[in-house]
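As structure tokens, the structure follows; a few thoughts come after it.
Every number for a ligand or one of its atoms is a count from 1 in the order of the listing. Here the structure is a predicted model, which is why all the values come from computation and not from measurement. Numbers here simply count residues along the sequence, with the first being 1.
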Amino acid sequence: MQQISDITPLRELRRTWQIEGKTIAFVPTMGNLHEGHLHLVKQAKQHADVVVVSIFVNPLQFGPDEDLDEYPRTLENDKSSLASLGVDLLFTPKAEDIYSRGLEQQTFVEVPGLSYMICGASRPGHFRGVATIVCKLFNMVQPNMAFFGEKDFQQLQVIKAMVTDLSMNLQIHGVPTVRDPDGFALSSRNQYLTKENRVIAPTLYQCLQDMVENIQLGRRDFSVLVSQAKERLVNSGFKMDYIEIRSVDTLLSPGHEDSELVILAAAFLGKTRLIDNIQVNLKS
Ligand code: PAF
């Protein structure tokens, strides 16, 4: 596996691959890789001739009170995991090259609407930071396709909308969430949890599953289902941010015509903010 940190050699390699007629799959990450990321890489390998993974902890998507400085950096471990999966190129750009004119002066990409609701309401500016870095990385790597986890469902929808709105020439693949055997969704932030909180953590997904089961049994009193789930989570030791039942495509509250829904939740255990989601089809 090659590792490149500068944009010029990346572009040269990209040109060589293009001349050779190779298709390129891209998996952008912030490092501290777990099985969820590795699953994205495996999917990418199945779809393209060449796989590029980036590791860049993007300051633009962290709020002032968030964990940018503490965010785990585990480059050596990440490199050996990626190399063992047969990744062709690891791109590790430097912040001073990515934001060469400074964060304050940076041109940004913002997907209105989708970026302001749910997680975006709790984390103002977060999705602007995500859309901007993903757009920049797409411009650098110029992949034919890119892979993102469904765990960050709103992020996935923001990126799909950006690609459509800006007529970007690549396919976006959403990949199902990888879970521990008890259902808890894998995330880089899980390692912040205490042992006691790790025991409580799977309740988040259990609540979402119970909501799906109730909806499939015919319940349509969504606000009651949401209140009950919130009460259960608070009683289990979570501090709630939100639980929302939304339409999959628009992430707006579902109308009568919407049959594909997603239930999204965010809640704190101690200082760790956990998110998860589950899809439900009213017709199935
Ligand atoms: O999901 C992530 O790890 C990040 O938000 C991403 C897409 C790599 C952008 O920094």
Side-chain angles (χ1 to χ4, degrees), residues 5 10 25-41 43-44 51-63 66-75 77-79 81-82 87 89-95 97-99 103 106-111 114-115 118-120 122-143 145-163 166 168 170-178 185-192 264 266 272-277:
S5 297
L10 170 72
F26 179 43
V27 183
T29 80
M30 297 208 298
N32 191 29
L33 304 179
H34 51 67
E35 274 305 320
H37 297 108
L38 304 185
H39 187 56
L40 296 180
V41 171
Q43 293 294 310
V51 175
V52 179
V53 175
S54 65
I55 296 183
F56 178 67
V57 181
N58 173 33
L60 206 60
Q61 68 187 79
F62 286 78
E66 294 184 354
D67 56 345
L68 174 62
D69 292 335
E70 297 96 69
Y71 199 84
R73 273 97 169 156
T74 55
L75 186 60
N77 282 344
D78 294 347
K79 271 161 67 172
S81 309
L82 296 173
V87 165
L89 173 66
L90 171 60
F91 180 46
T92 46
K94 296 187 273 304
D97 293 337
I98 291 279
Y99 298 119
L103 288 182
Q106 175 61 42
T107 302
F108 60 80
V109 178
E110 184 154 281
V111 178
L114 276 174
S115 296
I118 327 174
C119 266
S122 311
R123 304 180 69 188
H126 170 68
F127 288 115
R128 171 199 288 185
V130 170
T132 302
I133 190 62
V134 171
C135 175
K136 283 174 70 70
L137 290 167
F138 284 174
N139 283 339
M140 292 178 219
V141 177
Q142 297 182 34
M145 63 197 86
F147 291 74
F148 295 86
E150 284 182 352
K151 159 134 189 311
D152 295 299
F153 194 80
Q154 188 173 0
Q155 167 173 287
L156 176 63
Q157 299 306 66
V158 165
I159 290 164
K160 282 182 177 168
M162 172 184 79
V163 165
L166 299 183
M168 292 176 164
L170 81 164
Q171 279 176 345
I172 300 298
H173 293 258
V175 178
T177 304
V178 178
L186 298 193
S187 160
S188 298
R189 292 191 166 99
N190 292 357
Q191 66 197 72
Y192 298 152
L264 307 112
T272 311
R273 186 171 180 275
L274 303 175
I275 60 170
D276 205 348
N277 67 82

Atoms in ligand 1 flagged as close to Pro28, the criterion being non-hydrogen separation under 4.0 Å
8 (C)

For ligand 1, which atoms, with element, lie under 4.0 Å from some heavy atom of Ile133?
9 (C), 10 (O)

Side-chain (Asn190) to main-chain (Ala185) donor-acceptor, under 3.5 angstrom:
yes

Test your reading of the model: is there a side-chain donor-acceptor pair from Thr132 to the backbone of Phe108, 3.5 Å cut-off?
no

Excluding sequence neighbours, so at least two apart, what forms side chain to side chain donor-acceptor pair (under 3.5 Å) with Glu110?
Tyr116, Arg128

Among residues at least two apart in sequence or on other chains, which ones pass side chain to side chain donor-acceptor pair (under 3.5 Å) with Asn277?
none

Option with minimal heavy-atom separation from atom 6 (C) of ligand 1, where the choices are Gln61, His37, His126:
Gln61

Side chain to side chain donor-acceptor pair (under 3.5 Å) test vs Arg189 passes for just one of Asp67, Thr272, Asn32, namely Asp67

Among all protein heavy atoms, pick the one closest to atom 1 (O) of ligand 1 and tell me residue, atom and distance.
Gln155 NE2, 2.8 Å

Below 4.0 Å, non-hydrogen atoms only: which portion of Thr29 touches ligand 1? Side chain, backbone, both or neither.
backbone

